[in-house]
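For reference, the structure is listed below as structure tokens.
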2 protein chains.
Amino acid sequence: MPRRVEGLHEALAADAWGRIWEFFLANRHRYASLAAAHGLNPGVMAALLSLDADEPKPMRWVAEACHCDASNATWLVDRLEERGLVERRTPPEDRRIKTVALTPAGSALVGAIRAEVLQPPDAIVALSDDELDVLRTVFAKLAPE
Amino acid sequence: MPRRVEGLHEALAADAWGRIWEFFLANRHRYASLAAAHGLNPGVMAALLSLDADEPKPMRWVAEACHCDASNATWLVDRLEERGLVERRTPPEDRRIKTVALTPAGSALVGAIRAEVLQPPDAIVALSDDELDVLRTVFAKLAPE
DNA sequence: TATTGTTATACTCTATAACTATA
DNA sequence: TATAGTTATAGAGTATAACAATA
């Protein structure tokens, strides 16, 4: 059986993926800029965006969401609490746990950041409906990974 | 003149862009993992990938490429030089400048990292040629921004 | 005097280990 | 004893400011 030559489809996939990576690399610093614009650092903003007003999350949730350890999660939430963006609570059913929930100020800031993020760049708006639909479908498939 | 209600196209653009962001956020830590797999930190890898074997770049180029200041660029290039991945040179025409170029070992590592990065995830390979072509076109348009 | 890069130093962010409180 | 979170501390990474060398 002859060795399989790389197919056209694989080459196309590699090319497309390469361009996505280039975009990713070129825009890596944007996340930090967005955070800085709101007086946050990237880690603190990640913690903020992982939280919710209605469903308080335990500290370990924050650590997982931020890919950091427990002591750093404490530090991140301290920063958010200092600014009145989140509130720690102790659920009576297990007093070892502390949960964290967004305050109204925190929700407002999350809303503002989300709105800012969702403002697509001109190059995206300039695309056709068909192209946008492909993007939406493709990235919906990629999301859970 | 009635206030313009947000059109369907804009909503579609925002939706697509939102999903791209989600993907971006969910994969932020992958860059750090890739660097760590090669014994680098994210900043040092960014410096490495900004360099070239044939076109030596001045230190200030590294600083700009890495969105950092000059003293940090010195530190990043020191780390690369320690590992024999880059080489500093002083061009005779202006002895204030130091240029940095990849060594053969540096080029090899950049090649390995690039090859690894270009390996598309299964979800990408599973897309149709048409979908891949849209991705390629769209991200080519987004790149220069 | 202006520019390029480095050194000395301090600050920010993150992790490791020891500790407290609760189960 | 095991688990959730915090505190004390050290380490990595980044920036500011002073400096040396060259133009």
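Within every chain, numbering begins at 1; the chains are lettered A, B, ... in the order of the sequence lines, protein sequences first and strands thereafter.
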Exercise. Establish, with yes or no, whether the OP1 or OP2 oxygen of dT6(D) is under 4.0 angstrom from a side-chain nitrogen or oxygen of Arg88(A).
Key: yes

Quiz item: Are Val125(A) and Trp21(B) connected in a single hydrophobic cluster, I mean Ile/Leu/Val/Met/Phe/Trp/Tyr linked by side-chain heavy atoms less than 4.5 Å apart?
Solution: no

Quiz item: Could you state the CD-P distance from Glu64(B) to dA15(D), rounded to the nearest angstrom?
Solution: 14 Å

Quiz prompt | Spacing between Glu82(B) atom CD and dT6(C) atom C1', to the nearest angstrom | solution = 15 Å

Practice problem: Look at the side-chain N and O atoms of Arg95(B) and state whether any lies under 4.0 Å from the OP1 or OP2 oxygen of dT22(D). | Solution: yes

Exercise. Measure from the side-chain heavy atoms of Thr74(B) and tell me the nearest of dT4(C), dT7(C), dG5(D).
Key: dT7(C)

Exercise. Find the distance Glu93(A):CD to dA4(D):C1' and express it as a whole number of Å.
Key: 14 Å

Quiz item: Is there a side-chain contact between Phe24(A) and Val117(B), using heavy atoms and a 4.5 Å cut-off?
Solution: no

Practice problem: Give the rounded distance in Å between these two atoms: CG of Leu76(A) and P of dT12(C). | Solution: 15 Å

Practice problem: Take the protein atom CD1 of Ile97(B) and the nucleotide atom P of dT3(C), then report the distance between them rounded to whole Å. | Solution: 13 Å

Practice problem: Kindly confirm or rule out a cation-pi arrangement of Arg79(A) over Trp75(A), judged by NZ or CZ under 6.0 Å from the six-membered ring centre and within 45° of its axis? | Solution: yes

Exercise. Take Ser71(A) and Asp94(A), find for each the nucleotide of DNA chain C with the closest heavy atom, and name the residue whose nucleotide sits nearer the 5' end.
Key: Ser71(A)

Quiz item: Can you find a pair of side-chain heavy atoms, one from Asp94(A) and one from Ile97(A), that are under 4.5 Å apart?
Solution: yes

Quiz item: Hey, are Glu64(B) and Lys57(B) close enough for a salt bridge, meaning a charged N less than 4.0 Å from a carboxylate O?
Solution: no

Quiz item: In whole Å, what is the span from the CD atom of Glu81(A) to the C1' atom of dT6(D)?
Solution: 13 Å

Exercise. Starting at atom CG of Asp78(B), determine the distance to atom C1' of dA8(C), rounded to an integer number of angstrom.
Key: 14 Å

Quiz item: Starting at the 5' end of DNA chain C and moving along, which residue's nearest nucleotide shows up first, His67(A) or Trp75(B)?
Solution: Trp75(B)

Practice problem: Kindly point out which of dG5(D), dT3(C), dG5(C) is positioned nearest to the side chain of Lys98(A)? | Solution: dG5(D)

Exercise. Give the rounded distance in Å between these two atoms: CZ of Arg60(B) and P of dA23(D).
Key: 18 Å

